[in-house]
Amino acid sequence: MLTTTPSPAQAFDETDGEIFTALKNARRRYVLDVLADHGQIDKGELVTRVTELEHGALIDGLDRSTDRHNVYVALQQTHLDVLEDTNVIRREGNTIMKGERFERAYRHYQTALKVRQNDGKESLLTRLKRVVQILRE
C-alpha cells in the first residue's frame with residue numbers, strides 16, 4: 001500500500017484559521033486538555049479541572065468561591081461558545097464532549113507545544129520546517 005505524505009499546503013485546510021483563533025486563549029486550550037483525558041465531562045467537573053490547570057493546584061488549595069466562579073463565568077459566557085462554533089466541542093445539556101474537529105484542533109495544539117518547547121535561536125525557516133515535519137508524523 002502506497003502512502004503519501006501531505007505537502008505543507010495539504011496539512012492545513014481553509015477552516016484551520018478558525019481553530020487557531022479559538023486556541024489563542026489558554027482556558028480554551030485547557031478545555032482541550034481535559035477532553036483529551038476524559039472524552040466527555042460534566043460542565044461542573046470541567047470548570048473544576050480547568051481551574052486546577054490554570055492555577056497549577058488541586059481545587060482544595062484554591063479559593064473555590066472566587067477562582068472557580070471566575071472560570072465558570074468565562075467558560076459559560078465566551079469560551080465554550082467559541083469552541084462549539086468551531087465544532088471543536090459539542091454540548092448536550094451539561095455534558096461537554098469532543099466535536100467533529102476536536103482531533104484536528106488537538107493535533108494543531110500539540111504541534112504548537114512541540115515547536116514552542118524546541119524554540120530557541122532558530123531561524124523562522126528552521127521552525128517552519130520543523131512544524132511541517134511534526135505535522136507529517
Side-chain angles (χ1 to χ4, degrees):
M1 183 168 116
L2 179 64
T3 58
T4 59
T5 303
S7 71
Q10 293 170 325
F12 301 99
D13 71 24
E14 66 278 356
T15 61
D16 283 342
E18 295 172 349
I19 291 175
F20 294 136
T21 300
L23 296 181
K24 284 183 179 180
N25 182 276
R27 283 185 177 153
R28 293 182 205 141
R29 294 188 302 268
Y30 292 147
V31 169
L32 266 65
D33 285 331
V34 172
L35 287 177
D37 288 341
H38 297 278
Q40 68 178 31
I41 193 166
D42 176 77
K43 185 175 15 178
E45 185 66 18
L46 175 67
V47 169
T48 298
R49 297 290 158 242
V50 169
T51 304
E52 291 172 345
L53 287 169
E54 188 171 285
H55 293 279
L58 294 177
I59 198 73
D60 295 335
L62 300 173
D63 179 359
R64 275 184 89 92
S65 61
T66 302
D67 296 328
R68 194 173 182 287
H69 176 74
N70 290 341
V71 171
Y72 173 83
V73 169
L75 289 178
Q76 184 64 29
Q77 291 183 352
T78 304
H79 303 306
L80 293 178
D81 288 339
V82 169
L83 291 171
E84 189 171 39
D85 289 346
T86 56
N87 294 315
V88 172
I89 67 163
R90 49 188 196 97
R91 295 187 268 189
E92 290 181 11
N94 280 331
T95 302
I96 312 299
M97 58 200 76
K98 296 175 182 179
E100 66 182 54
R101 295 176 69 202
F102 177 87
E103 296 302 329
R104 187 170 188 85
Y106 195 68
R107 182 168 40 93
H108 288 320
Y109 169 45
Q110 293 300 305
T111 299
L113 286 177
K114 288 179 186 178
V115 170
R116 179 174 270 169
Q117 288 171 351
N118 296 324
D119 206 6
K121 295 183 178 181
E122 298 175 326
S123 71
L124 177 60
L125 180 59
T126 303
R127 287 188 301 223
L128 288 173
K129 287 179 181 177
R130 195 160 17 88
V131 168
V132 170
Q133 180 183 4
I134 291 168
L135 287 172
R136 288 180 176 168
E137 295 175 355

Task: Single-linkage hydrophobic cluster Val73~Leu46, side-chain heavy atoms < 4.5 angstrom - done: yes
Open item on the list: Quick check for you: to the nearest 0.5 Å, what is the distance between Met97 atom CE and His38 atom NE2?
Closed with: 14.5 Å
TODO: Assign the ring pair Tyr106 / Phe102 to parallel, tilted or perpendicular, where the plane angle (0 to 90°) is split at 30° and 60°.
DONE: parallel
Task: Nearest heavy-atom neighbours spanning Asp33 and Gln110 - done: OD1-NE2, 4.3 Å
TODO: Please tell me if the side chains of Arg101 and Glu18 come closer than 4.5 Å, counting only heavy atoms from C-beta onward.
DONE: yes
- [ ] With rounding to the nearest 0.5 Å, note down the distance linking CG in Asp42 to OG1 in Thr95.
- [x] 6.0 Å
Task: CG on Leu32 to OH on Tyr109, rounded to 0.5 Å - done: 7.5 Å
- [ ] Please report the C-alpha distance between Arg49 and Asp37 in whole Å, then the side-chain angles of each, then the deciding distance to 0.1 Å, and finally whether the side-chain contact (heavy atoms from CB on, under 4.5 Å) criterion is met.
- [x] CA-CA 11 Å; Arg49 297 290 158 242; Asp37 288 341; over 6 Å; no
Open item on the list: I'd like to know if Arg107 and Glu103 make a salt bridge, using a cut-off of under 4.0 Å between side-chain N and carboxylate O.
Closed with: no
Open item on the list: Within this structure, what is the OG1-CD distance for the pair Thr86 and Glu100, rounded to the nearest 0.5 Å?
Closed with: 10.0 Å
Open item on the list: Given Glu84, which partner from the list His79, Arg91, Arg90 fulfils the side-chain hydrogen bond (donor to acceptor under 3.5 Å, both in side chains) test?
Closed with: Arg91
Open item on the list: Grouping I, L, V, M, F, W and Y whenever their side-chain heavy atoms are under 4.5 Å apart, do Val82 and Val50 come out in a common cluster?
Closed with: no
Open item on the list: When you compare the side chain of Val88 with that of Val31, does any pair of heavy atoms fall below 4.5 Å?
Closed with: no
Task: Side chain to side chain, Thr78 and Arg28, heavy atoms closer than 4.5 Å - done: yes
- [ ] Supply the atom-to-atom distance Lys98 NZ to Ile89 CD1, rounded to the nearest 0.5 angstrom.
- [x] 13.0 Å
Task: Interatomic spacing from CG in Leu75 to CG in Leu83 - rounded to 0.5 Å - done: 8.5 Å
Task: Donor-acceptor contact present, side-chain Arg68 to main-chain Gly44, <3.5 Å - done: yes
